[in-house]
There are 2 protein chains.
Amino acid sequence: MTTVLIADDQPLQRFGFRMLLESQDDLTVLGEAANGSEALRMTAELHPDVVLMDIRMPGMDGIEATRRIVATGDRTRVLILTTFDLDEYAYAGLRAGASGFLVKDAQPEELLSGIRSVASGDAVVAPSLTRRLLDAYVQHLPAGGGTADVPLPGDARLSALTEREREILTVVGKGWTNTEIAARLHLAESTVKTHVGRILAKTGSRDRIQAVILAYDTKLVEPS
Amino acid sequence: MTTVLIADDQPLQRFGFRMLLESQDDLTVLGEAANGSEALRMTAELHPDVVLMDIRMPGMDGIEATRRIVATGDRTRVLILTTFDLDEYAYAGLRAGASGFLVKDAQPEELLSGIRSVASGDAVVAPSLTRRLLDAYVQHLPAGGGTADVPLPGDARLSALTEREREILTVVGKGWTNTEIAARLHLAESTVKTHVGRILAKTGSRDRIQAVILAYDTKLVEPS
DNA sequence: AGGGCGGTGGTACCCCGGTACTACGGTGGC
DNA sequence: GCCACCGTAGTACCGGGGTACCACCGCCCT
């Protein structure tokens with residue numbers, strides 16, 4: 001038995017999906033969510049095998065919800081439904097960790113088999129989207145065209161940082177721990193934490209690892 | 001009406017495909033080829049809509065044949081059939097310009113709908129392969145500046161690592177958390193931890209931050 | 001005199017990362 | 001046939017990292 005959560009802001013759409021899914025012996029609809037945060041909450045609560053996720057929803061959208069659901073490490077798989085054939089968000093969904101995406105005007109059988117594939121750990125992509133996906137894939141693989149490397153010492157992402165914060169980010173980029181930073185810069189560890197916390201917030205990094213990467217990417221720290 | 005050429009070195013296999021295809025009103029088998037060069041010659045002669053291409057064939061293999069067929073600029077699409085679920089040649093086939101690949105143990109309906117999708121210009125990938133494809137895709141995406149594939153960031157500190165460990169280190173270098181690595185590479189988090197632990201031990205890194213820095217310094221990961 | 005901002009510091013809490021084990025199937029070498 | 005190695009997976013534990021919130025000081029600006 002495969003359990004499914006439906007996340008879509010349109011009630012009528014949800015109804016249609018529910019009817020279709022309930023007509024199958026091996027599928028059960030655990031519930032319906034009208035936006036991303038509901039989907040997130042209900043997923044944490046109900047642990048469905050598959051979340052049928054619409055992208056465009058008020059509040060938290062389907063991409064962010066997907067990212068967070070995947071981040072939980074749960075077995076729950078996310079199958080994204082896009083309205084349009086070409087939906088650039090579909091790629092974002094992919095990067096967010098979705099196990100597949102289908103277009104809403106797909107045949108019912110496609111949707112059902114897609115759900116079953118995803119539930120069993122496979123991934124699915126709508127044929128009409130697969131083409132673009134493959135194109136993007138082969139482009140990115142051997143894409144020798146190195147593009148401009150524009151060093152950008154003053155990267156936009158760093159502009160919000162104060163002088164002190166940039167100093168801290170530099171040593172974070174060198175791999176120093178909070179304790180080491182505190183000792184070598186004669187600060188309290190709590191101060192270091194405050195600084196690092198603000199750096200993460202301002203640069204949109206989720207942890208110091210991302211900050212290290214940012215430091216390298218912006219050439220604030222050079223490879224040795 | 002969709003015309004198909006079957007390229008496979010096993011007669012029995014060809015027979016099965018032919019029977020299946022001939023049972024459909026909208027599909028016609030134009031001929032059968034037993035190896036890559038035959039497939040190439042017959043394609044130039046018969047101009048089928050789709051070539052059902054096996055990879056492993058004596059003489060010219062399916063990859064090379066695909067490459068040459070695509071190079072002609074004809075409308076002919078190539079649908080690759082792989083025997084094994086994980087067939088690294090599948091990726092090569094993709095890069096060679098194939099419009100899709102399916103595993104041979106797929107359901108007949110899958111094969112038929114795959115042929116029709118390919119004939120109409122879409123692309124198809126077997127669900128069991130899509131998973132790996134997506135993994136490769138998301139891995140290669142952020143790589144952006146794709147450089148020529150000079151492998152082997154020849155650093156002494158990396159020499160002790162196994163191939164798998166180098167893979168893991170690469171994604172660690174991209175800032176993925178253990179949970180994300182587990183999810184996107186289909187591993188248990190404990191496995192990821194084991195790998196990361198061994199990487200840290202072998203490279204003499206005290207934590208993953210040092211490993212990220214190492215990945216950058218050795219150019220295992222390039223700034224984006 | 002007041003207010004904003006940057007730098008410093010503190011407390012409390014939770015989760016992820018890292019360590020230390022053990023274990024088991026597959027593969028390749030001897 | 002056996003053994004080493006690799007990749008996978010599990011449990012248990014602890015410490016550091018990150019967050020939320022608050023607080024004080026010194027500076028500059030109006």
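In the text below, chain A, chain B and the rest are named by the order of the sequence lines, each starting its count at 1.
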Item to check | Residues, nucleotides or ligands: over 12 heavy atoms within 6.0 Å of A:Arg166 CZ | outcome: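 Buried by this count: over 12 neighbours within 6.0 Å.
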Counting only N and O atoms by type, is there a donor-acceptor contact under 3.5 Å from the side chain of [X] to the main-chain atoms of [Y]?
X	Y	value
A:Thr191	A:Leu187	no
A:Gln210	B:Gly175	yes
A:Glu45	A:Met42	no
A:Arg77	A:Val50	no
A:Arg14	A:Asp8	yes
A:Glu38	A:Ala34	yes

Checklist entry - If you fit an axis to the five pairs at each end of the helix from C:dA1-D:dT30 to C:dC30-D:dG1, how big is the angle between those two axes, to 10 degrees? => result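 What I find for the helix from C:dA1-D:dT30 to C:dC30-D:dG1 is an axis angle of 40°.
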[X] has an atom [atom1]; how far is it from atom [atom2] of [N], in whole Å?
X	N	atom1	atom2	answer
A:Gln210	D:dT19	CD	P	12 Å
B:Leu200	C:dT19	CG	C1'	10 Å
A:Asn178	D:dG15	CG	P	17 Å
A:Leu185	C:dT8	CG	C1'	13 Å
A:Glu189	D:dG17	CD	P	7 Å
B:Lys193	C:dA20	NZ	C1'	12 Å
A:Arg166	C:dG7	CZ	C1'	16 Å
B:Arg206	D:dG15	CZ	P	17 Å

Next on the checklist: Test salt bridge (Lys or Arg N to Asp or Glu O under 4.0 Å) on B:Glu180 and A:Arg68; report intermediate values, then the result.
Outcome noted: CA-CA 11 Å; B:Glu180 286 172 346; A:Arg68 300 200 186 187; over 6 Å; no
Within this structure, what is the [atom1]-[atom2] distance for the pair [X] and [Y], rounded to the nearest 0.5 Å?
X	Y	atom1	atom2	value
B:Leu81	B:Phe17	CG	CZ	4.5 Å
A:Leu5	A:His47	CG	NE2	12.0 Å
B:Leu200	B:Lys193	CG	NZ	12.0 Å

Write down the protein N/O and nucleotide N/O pairs, taken from nucleotides 6-8 of chain D, whose separation is under 3.5 Å; answer none if there are no such pairs.
{"from": "D:dG7", "atom 1": "OP1", "to": "B:Thr162", "atom 2": "OG1", "distance (Å)": "3.4"}
{"from": "D:dG7", "atom 1": "OP1", "to": "B:Arg164", "atom 2": "N", "distance (Å)": "3.2"}
{"from": "D:dG7", "atom 1": "OP2", "to": "B:Thr162", "atom 2": "OG1", "distance (Å)": "2.6"}
{"from": "D:dT8", "atom 1": "OP1", "to": "B:Arg164", "atom 2": "NH2", "distance (Å)": "3.0"}
{"from": "D:dT8", "atom 1": "OP2", "to": "B:Arg164", "atom 2": "NE", "distance (Å)": "2.9"}
{"from": "D:dT8", "atom 1": "OP2", "to": "B:His195", "atom 2": "NE2", "distance (Å)": "2.9"}
{"from": "D:dT8", "atom 1": "O4", "to": "B:Arg198", "atom 2": "NH2", "distance (Å)": "3.1"}

Item to check | Under-4.0 Å side-chain N/O to phosphate OP1/OP2 contact, B:Arg208 with C:dG18 | outcome: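 Yes.
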Item to check | Nearest listed nucleotide, side chain of A:Thr177, among D:dG18, D:dG17, C:dG17 | outcome: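 Shortest atom-to-atom distance from the side chain points to D:dG17.
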Report each atom pair, protein N/O against N/O of nucleotides 26-29 of chain D, whose distance is under 3.5 angstrom.
none

Next on the checklist: Between B:Ser190 and A:Thr179, which residue's closest nucleotide on DNA chain D lies nearer the 5′ terminus?
Outcome noted: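 Counting from the 5' end, the first nearest nucleotide belongs to B:Ser190.
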